[in-house]
Amino acid sequence: MKASISFIELQDILAENAKLPISLAFVDDKTIHASAVVSLGFIKKTVEVNLRVIDLTGSDLLVGYSGGFGMETLVGTALNLLKDKIPTGLLDNRGNGQLMIHLGQIDQVKGVFEKIDVRDISVLNEGIQVEGKLK
């Protein structure tokens, strides 16, 4: 079984949960380009990062992130500043350019993992495709 979600729908879910507009775009079959304008005190900075699917275990998605020199520090700082906007338990910064996203913490996505044994996530031109088997 395959199901997909468009980048537009996913951006809406992220904006609702993280209270931050995030733009998403296709890079390759395992990589998404994400960008957001983040307020760092008096400065607004556009943060751009490529997120690559590394592993999926249950509803926990391990992604690698890259975006140039200092990206790990910038991501850590941004996550720290946004901690009040990101639901508790949704993201874990693993260091070394890796983030664990606990997809089961997102109400709109939780139901998918309750009904489907998700085996793969791939990136399409217009969104993300999830492949799995009904439980």
Side-chain angles (χ1 to χ4, degrees):
M1 157 183 247
K2 293 181 181 180
S4 62
I5 183 169
S6 72
F7 286 139
I8 292 169
E9 291 174 285
L10 189 53
Q11 289 169 171
D12 289 345
I13 291 169
L14 290 170
E16 180 181 322
N17 282 280
K19 308 296 187 237
L20 176 71
I22 300 171
S23 297
L24 303 171
F26 173 85
V27 174
D28 64 36
D29 68 329
K30 291 292 180 189
T31 309
I32 296 172
H33 180 79
S35 63
V37 176
V38 179
S39 180
L40 303 170
F42 296 107
I43 301 170
K44 288 192 177 190
K45 170 98 172 125
T46 299
V47 177
E48 298 184 72
V49 63
N50 285 337
L51 300 169
R52 180 160 185 80
V53 174
I54 296 173
D55 187 37
L56 177 68
T57 305
S59 64
D60 294 334
L61 177 64
L62 182 63
V63 298
Y65 58 86
S66 61
F69 181 72
M71 181 52 65
E72 190 162 333
T73 301
L74 186 57
V75 168
T77 302
L79 290 175
N80 219 10
L81 291 171
L82 296 171
K83 65 184 172 191
D84 295 336
K85 295 182 179 184
I86 298 172
T88 304
L90 179 62
L91 297 174
D92 290 326
N93 190 357
R94 298 286 171 102
N96 295 321
Q98 294 184 346
L99 276 176
M100 180 66 75
I101 305 170
H102 302 286
L103 298 171
Q105 298 293 321
I106 302 170
D107 290 335
Q108 296 92 328
V109 179
K110 181 189 283 186
V112 172
F113 288 95
E114 290 173 352
K115 294 178 173 54
I116 299 173
D117 178 19
V118 178
R119 298 183 180 186
D120 189 33
I121 294 179
S122 55
V123 182
L124 307 173
N125 285 331
E126 299 297 321
I128 297 175
Q129 179 175 275
V130 177
E131 187 173 341
K133 184 177 178 183
L134 288 173
K135 289 184 179 181

Taking side chain as C-beta onward, heavy atoms only, is [X] less than 4.5 Å from [Y]?
{"X": "Val123", "Y": "Asp29", "answer": "no"}
{"X": "Ser59", "Y": "His102", "answer": "no"}
{"X": "Ile13", "Y": "Ile5", "answer": "yes"}
{"X": "Arg52", "Y": "Lys30", "answer": "yes"}

Counting only N and O atoms by type, is there a donor-acceptor contact under 3.5 Å from the side chain of [X] to the main-chain atoms of [Y]?
{"X": "Thr57", "Y": "Asp60", "value": "no"}
{"X": "Glu48", "Y": "His33", "value": "no"}
{"X": "Lys135", "Y": "Phe113", "value": "yes"}

Cut-off 3.5 Å, side chains only: do Asp28 and Thr31 have a donor facing an acceptor?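 Result is yes, a qualifying pair exists.
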
Is a side-chain donor-acceptor pair under 3.5 Å present for Ser122 with Asp120?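 Result is no, nothing qualifies.
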
Should [X] and [Y] be regarded as members of a common hydrophobic cluster, given that ILVMFWY residues are connected when their side-chain heavy atoms come within less than 4.5 Å of each other, either directly or indirectly?
{"X": "Ile116", "Y": "Ile128", "result": "yes"}
{"X": "Phe26", "Y": "Ile22", "result": "yes"}
{"X": "Ile121", "Y": "Leu134", "result": "yes"}
{"X": "Tyr65", "Y": "Leu62", "result": "no"}
{"X": "Ile54", "Y": "Leu56", "result": "no"}

What's the shortest heavy-atom distance between [X] and [Y], and which atoms?
{"X": "Ile32", "Y": "Val27", "value": "C-CG2, 4.0 Å"}
{"X": "Val49", "Y": "Ser66", "value": "CG2-O, 3.4 Å"}
{"X": "Leu24", "Y": "Phe7", "value": "CB-CD2, 3.7 Å"}
{"X": "Val63", "Y": "Val53", "value": "CG1-CA, 4.3 Å"}
{"X": "Pro21", "Y": "Ala36", "value": "O-CB, 3.6 Å"}

Please report the interatomic distance [atom1]([X]) to [atom2]([Y]), rounded to the nearest 0.5 Å.
{"X": "Glu16", "Y": "Ile106", "atom1": "CD", "atom2": "CD1", "result": "10.5 Å"}
{"X": "Gln129", "Y": "Leu124", "atom1": "CD", "atom2": "CG", "result": "5.0 Å"}
{"X": "Gln105", "Y": "Lys110", "atom1": "CD", "atom2": "NZ", "result": "7.0 Å"}

